[in-house]
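Inspection log for the structure reproduced underneath, given as structure tokens.
Protein chains get the first letters and strands the later ones, always in sequence-line order, with residue 1 at the start of each.
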There are 6 protein chains.
Amino acid sequence: MPFVNIRITRDSATPSQKKALISGVTDLLVGVLGKNPATTVVIIDEVDTDNWGIGGETVTERRKRP
Amino acid sequence: MPFVNIRITRDSATPSQKKALISGVTDLLVGVLGKNPATTVVIIDEVDTDNWGIGGETVTERRKRP
Amino acid sequence: MPFVNIRITRDSATPSQKKALISGVTDLLVGVLGKNPATTVVIIDEVDTDNWGIGGETVTERRKRP
Amino acid sequence: MPFVNIRITRDSATPSQKKALISGVTDLLVGVLGKNPATTVVIIDEVDTDNWGIGGETVTERRKRP
Amino acid sequence: MPFVNIRITRDSATPSQKKALISGVTDLLVGVLGKNPATTVVIIDEVDTDNWGIGGETVTERRKRP
Amino acid sequence: MPFVNIRITRDSATPSQKKALISGVTDLLVGVLGKNPATTVVIIDEVDTDNWGIGGETVTERRKRP
């Protein structure tokens with residue numbers, strides 16, 4: 001019954017990478033906690049780099065720096 | 001003052017269905033807990049089927065199966 | 001497959017009120033969107049009044065005012 | 001190490017306003033709690049006005065009223 | 001820079017299982033997306049079974065059924 | 001109408017620091033975006049150090065290191 005929310009910057013994952021994240025995190029919860037995969041929900045949120053901040057600046061700015 | 005976040009797959013709700021969810025969940029909180037509707041906030045997040053996993057696979061894959 | 005997160009102040013709901021919220025919001029999603037109740041997840045978070053702010057002050061302070 | 005999620009209605013913030021929110025909230029956490037800005041993460045979610053409810057109605061409806 | 005939130009029922013994980021979840025999900029994000037582990041944040045929320053609903057009933061009720 | 005969720009490790013904030021976070025972030029949203037403070041909601045979640053991971057390890061482990 002676990003619920004997992006993964007947040008990454010937008011365009012950093014292809015559809016097949018998203019599948020790998022979803023199956024991988026579900027396997028992890030089954031392996032570590034014995035959870036039922038049938039009711040394990042995983043939601044991936046993709047966030048624009050203008051909307052993600054770390055160290056007080058946006059990822060957009062951070063990536064511009066050499 | 002309650003805050004409610006509803007997450008559904010994208011395109012599964014029309015604007016009038018979203019209105020019905022918002023008014024319905026607000027009425028529920030007023031009816032069950034006596035909360036003040038004026039400060040009850042409801043946010044609906046619509047998630048791409050590639051980004052929603054259940055049972056270790058994406059909803060996109062799951063819906064392709066007969 | 002919807003996921004709903006309800007956030008309320010702590011101690012504002014009894015176990016039977018929580019049951020009513022969970023069954024009520026599940027019924028709403030079934031009624032409005034035709035969602036499958038078996039995979040509809042609802043999580044209630046109870047938040048201390050010191051940790052909930054509205055209008056720039058905590059609910060603890062707000063409730064002290066006559 | 002704090003994590004902050006700011007949710008606002010879509011189109012209510014320009015890129016420079018988002019920068020100001022991210023740097024402002026990071027400064028606040030450094031100033032009030034002495035947190036390390038390098039590991040302070042801020043994510044801004046922009047929500048369509050059809051998907052944001054308050055007082056039992058959507059922000060779209062609310063803004064139409066004179 | 002990813003952020004992961006794992007929600008499970010309370011008391012379903014020991015400290016060493018939590019460590020295994022945190023290292024496992026971090027390894028997964030590094031392996032699948034090449035993310036930097038140093039800025040990968042994982043938060044585990046443990047939720048009382050009275051506060052978690054599935055199929056319209058609480059997990060507390062569900063577990064009582066034979 | 002903004003909604004802000006601040007997540008910090010448990011015991012890292014006193015009640016007066018929480019007040020300062022709530023009033024500070026509300027002032028920031030009023031100052032930067034002209035939002036109405038009356039409907040600005042701030043929720044602080046305090047997370048056990050066993051439940052917070054960064055760099056693939058829990059904050060509990062990280063703090064034990066010299």
Side-chain angles (χ1 to χ4, degrees), chain B, chain C:
Chain B
M1 223 154 14
F3 173 78
V4 181
N5 183 214
I6 299 174
R7 288 177 155 252
I8 53 177
T9 47
R10 192 178 302 285
D11 299 328
S12 65
T14 64
S16 76
Q17 287 173 321
K18 290 177 194 174
K19 284 185 198 179
L21 288 178
I22 286 168
S23 64
V25 80
T26 304
D27 288 351
L28 182 71
L29 285 155
V30 172
V32 174
L33 296 178
K35 293 295 182 184
N36 179 6
T39 53
T40 296
V41 174
V42 183
I43 291 178
I44 299 170
D45 290 319
E46 296 174 280
V47 178
D48 289 341
T49 56
D50 276 0
N51 290 14
W52 193 304
I54 186 162
E57 63 180 357
T58 66
V59 173
T60 306
E61 293 170 288
R62 198 181 173 92
R63 288 192 178 160
K64 276 182 194 158
R65 283 211 311 269
Chain C
M1 223 155 14
F3 173 78
V4 181
N5 182 214
I6 299 174
R7 289 177 155 252
I8 54 176
T9 46
R10 192 178 303 282
D11 299 327
S12 64
T14 64
S16 76
Q17 287 173 321
K18 291 177 193 174
K19 284 185 198 178
L21 289 179
I22 286 169
S23 63
V25 81
T26 304
D27 288 352
L28 183 71
L29 285 155
V30 172
V32 174
L33 297 178
K35 293 294 182 184
N36 179 5
T39 52
T40 296
V41 173
V42 183
I43 291 178
I44 300 170
D45 289 320
E46 296 174 279
V47 178
D48 289 341
T49 56
D50 276 0
N51 290 15
W52 193 304
I54 186 161
E57 61 180 359
T58 65
V59 174
T60 306
E61 293 170 290
R62 200 181 172 91
R63 289 191 178 161
K64 276 183 194 156
R65 283 211 310 270

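With respect to the salt-bridge test (charged N to carboxylate O, under 4.0 angstrom), the residues Glu57(C) and Arg65(C) qualify.
Neither the backbone nor the side chain of Thr40(B) has a heavy atom closer than 4.5 Å to any heavy atom of chain C. When heavy atoms are compared at a cutoff of 4.5 Å, Val59(C) approaches chain B solely by way of its side chain, counted from C-beta outward. When heavy atoms are compared at a cutoff of 4.5 Å, Val47(B) does not approach chain C at all. Both the backbone and the side chain of Leu21(B) come within contact range of chain C, each with at least one heavy atom under 4.5 Å from a heavy atom of that chain. Within the 4.5 angstrom heavy-atom criterion, only side-chain atoms of Thr39(C), from C-beta onward, approach chain B.
Minimum heavy-atom separation, Leu29(B) to Pro2(B): CD1-CB, 3.9 Å. Summarising the geometry of Lys35(B) relative to Val30(B), their closest heavy-atom pair is O-CG2, 3.3 Å, with the distance given to 0.1 Å. Shortest non-hydrogen contact noted between Ile8(C) and Trp52(C) is C-CZ3, 3.6 Å.
When the candidates Leu33(B), Ile6(B), Ile43(B) are compared by the number of heavy-atom contacts under 4.5 Å with chain C, Leu33(B) comes out ahead.
For the residue pair Thr58(B) / Asp50(B), no side-chain donor-acceptor distance below 3.5 Å is found, with atom types taken as modelled.
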